[in-house]
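Each remark here refers to the structure printed beneath this line.
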2 protein chains.
Amino acid sequence: MNIGEAAEQAGLPAKTIRYYEEIGLVAPDRSENGYRDFSDTHIHKLKFLSRSRNLGFSIEDCRVLLSLYEDKNRASGEVRDVAKEHLSAIETKIAELQSMHATLSHLVHKCHGDDRPDCPILDELSA
Amino acid sequence: MNIGEAAEQAGLPAKTIRYYEEIGLVAPDRSENGYRDFSDTHIHKLKFLSRSRNLGFSIEDCRVLLSLYEDKNRASGEVRDVAKEHLSAIETKIAELQSMHATLSHLVHKCHGDDRPDCPILDELSA
DNA sequence: CCTTGACCTTCCAGTGACTGGAAGGATTAT
DNA sequence: ATAATCCTTCCAGTCACTGGAAGGTCAAGG
């Protein structure tokens with residue numbers, strides 16, 4: 001199948017699929033006319049990538065996960081380690097964002113937000 | 001003061017300060033030897049930028065906030081709008097991360113994580 | 001048969017916000 | 001005098017795409 005249909009099936013932009021090929025995540029065949037030709041296996045892989053990326057895994061994580069997926073003798077512990085590492089990165093990020101949110105929402109509440117120039121938000125940023 | 005001390009005072013890497021100059025966020029003077037020369041006002045601005053960036057504002061937001069800061073007649077409502085917009089972006093991001101976290105921690109718990117190849121995480125990613 | 005439009009190809013450049021490093025000039029300390 | 005440290009500019013790389021240009025291919029309609 002051509003890249004357009006592959007994109008639709010996998011839920012990824014065609015551009016992204018070309019990029020994934022370029023960095024060696026997927027290797028579609030080529031038709032005689034030079035068009036990429038995706039099999040169901042390729043689509044499967046692309047969906048795997050799409051789901052992994054949606055869970056926030058980096059491309060390099062995805063590469064590892066894919067290779068573990070294709071290694072029928074992998075230890076599930078290895079997969080778990082990658083996932084746990086990523087989980088704690090997510091936790092860190094959430095904590096950072098929550099801290100920003102707390103500070104900022106406090107400031108927004110303190111600011112009357114009208115036509116007057118007096119502004120606690122700027123006061124805090126410049127303090 | 002030279003860039004090294006400015007960096008220390010502002011809590012920003014020298015490289016970052018040069019970058020901020022390049023994109024027009026700060027405009028230090030120059031000494032005769034060609035070195036950048038930072039006044040207290042410049043340091044103040046750099047600290048402002050550092051704090052804003054730490055709250056997650058984009059560089060373009062920072063540019064707006066700085067110009068509002070320097071406009072003594074600004075309406076605090078404008079500042080508040082920028083901050084509120086950013087707050088809701090943070091909220092969106094937190095929600096996304098929490099959703100990823102929920103899915104992933106569920107999978108991690110389901111995976112026994114030992115030497116056997118059977119792995120619910122990969123099953124889910126490939127499902 | 002020709003054209004139109006939708007598809008496909010490659011290649012190059014840009015995004016955000018830095019960060020690293022090379023090559024070389026200036027200053028300071030010994 | 002020399003070594004260490006600081007400063008300068010410029011170029012390239014990061015991450016994961018995304019946009020666009022220039023051009024080849026294919027299916028449908030007139």
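Lettering of chains follows the sequences in order, A, B, ..., and the numbering in each one begins at 1.
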Task: Residues in side chain to side chain contact (heavy atoms under 4.5 Å, CB included) contact with B:D37, at least two apart in sequence or another chain - done: B:D29, B:S31
Open item on the list: For B:Y20, give me all partners under ring pair (Phe, Tyr, Trp, His ring centres under 6.0 Å), at least two apart in sequence or on another chain.
Closed with: none
Let me check something: any side-chain donor-acceptor pairs from residues 2-19 of chain A under 3.5 Å, sequence neighbours excluded? List them with distances.
none

- [ ] For B:I43 and B:K47, run side chain to side chain contact (heavy atoms under 4.5 Å, CB included): C-alpha distance rounded to whole Å, both residues' side-chain angles, the deciding distance at 0.1 Å, then the answer.
- [x] CA-CA 6 Å; B:I43 300 302; B:K47 285 184 181 169; 4.0 Å; yes
Task: 5'-most by nearest nucleotide on DNA chain D - A:E32 or B:N2 - done: B:N2
Open item on the list: Just checking A:D115: does its CG atom have more than 12 heavy atoms from other residues, nucleotides or ligands closer to it than 6.0 angstrom?
Closed with: no
- [ ] With a 4.0 Å heavy-atom cut-off, tell me which residues in residues 82-100 of chain B come close to DNA chain C, sorted by residue number.
- [x] none
Task: chain B contact limits on DNA chain C, taken 5' to 3' with a cut-off of 4.0 angstrom to heavy atoms - done: C:dA17 to C:dT27
- [ ] Within residues 16-31 of chain A, find the residues that approach DNA chain C with a heavy atom at under 4.0 Å, and present them sorted by residue number.
- [x] A:R18, A:R30
Open item on the list: Quick one: does any side-chain atom of B:R80 pair with a main-chain N or O of A:C111 as donor and acceptor, under 3.5 Å?
Closed with: yes
- [ ] Examine the side chains of A:H44 and A:T41 and answer whether a donor and an acceptor come within less than 3.5 Å of each other.
- [x] no
Open item on the list: Taking A:C62's backbone N and O only, do any of them form a donor-acceptor pair with A:S52's side chain (distance below 3.5 Å, no angle check)?
Closed with: no
TODO: Write out all pairs satisfying side chain to side chain donor-acceptor pair (under 3.5 Å) with one or both partners inside residues 118-127 of chain B, taking only residues at least two apart or from two chains.
DONE: A:Y69-B:S126, B:H112-B:D118
Task: Near-strand residues of residues 55-63 of chain B, defined as heavy-atom separation under 4.0 angstrom from DNA chain C - done: B:S58, B:I59
Output side-chain donor-acceptor pairs under 3.5 Å for residues 88-97 of chain A, partner residues at least two apart or in another chain, one line each.
from: A:S88; atom 1: OG; to: A:E85; atom 2: O; distance (Å): 3.1
from: A:E91; atom 1: OE2; to: B:H101; atom 2: NE2; distance (Å): 2.7
from: A:T92; atom 1: OG1; to: A:S88; atom 2: O; distance (Å): 2.9

Task: salt bridge (Lys or Arg N to Asp or Glu O under 4.0 Å) pairs, two or more places apart, involving residues 65-77 of chain B - done: B:K45-B:E70
Task: A:N73 side chain reached by B:P117 side chain, heavy atoms, under 4.5 Å - done: no
Using residues 53-60 of chain B as the side-chain source, report each donor-acceptor pair under 3.5 Å to any protein atom, sequence neighbours left out, with the distance given to one decimal.
from: B:R53; atom 1: NH1; to: B:F57; atom 2: O; distance (Å): 2.5
from: B:N54; atom 1: ND2; to: B:S50; atom 2: O; distance (Å): 3.3
from: B:S58; atom 1: OG; to: B:E60; atom 2: N; distance (Å): 3.4
from: B:S58; atom 1: OG; to: B:D61; atom 2: N; distance (Å): 3.0
from: B:E60; atom 1: OE1; to: B:R63; atom 2: NE; distance (Å): 3.0
from: B:E60; atom 1: OE2; to: B:R63; atom 2: NE; distance (Å): 3.4
from: B:E60; atom 1: OE2; to: B:R63; atom 2: NH2; distance (Å): 3.3

Open item on the list: Are A:E78 and A:V64 packed together at the side-chain level, in the sense that at least one heavy-atom pair is separated by less than 4.5 angstrom?
Closed with: no
- [ ] Indicate whether the side chain of B:H42 and that of B:S39 have a donor and an acceptor atom separated by less than 3.5 Å.
- [x] yes
TODO: Could you check which residues of residues 35-49 of chain A get a heavy atom under 4.0 Å from DNA chain C? Sort them by number, please.
DONE: A:Y35, A:R36
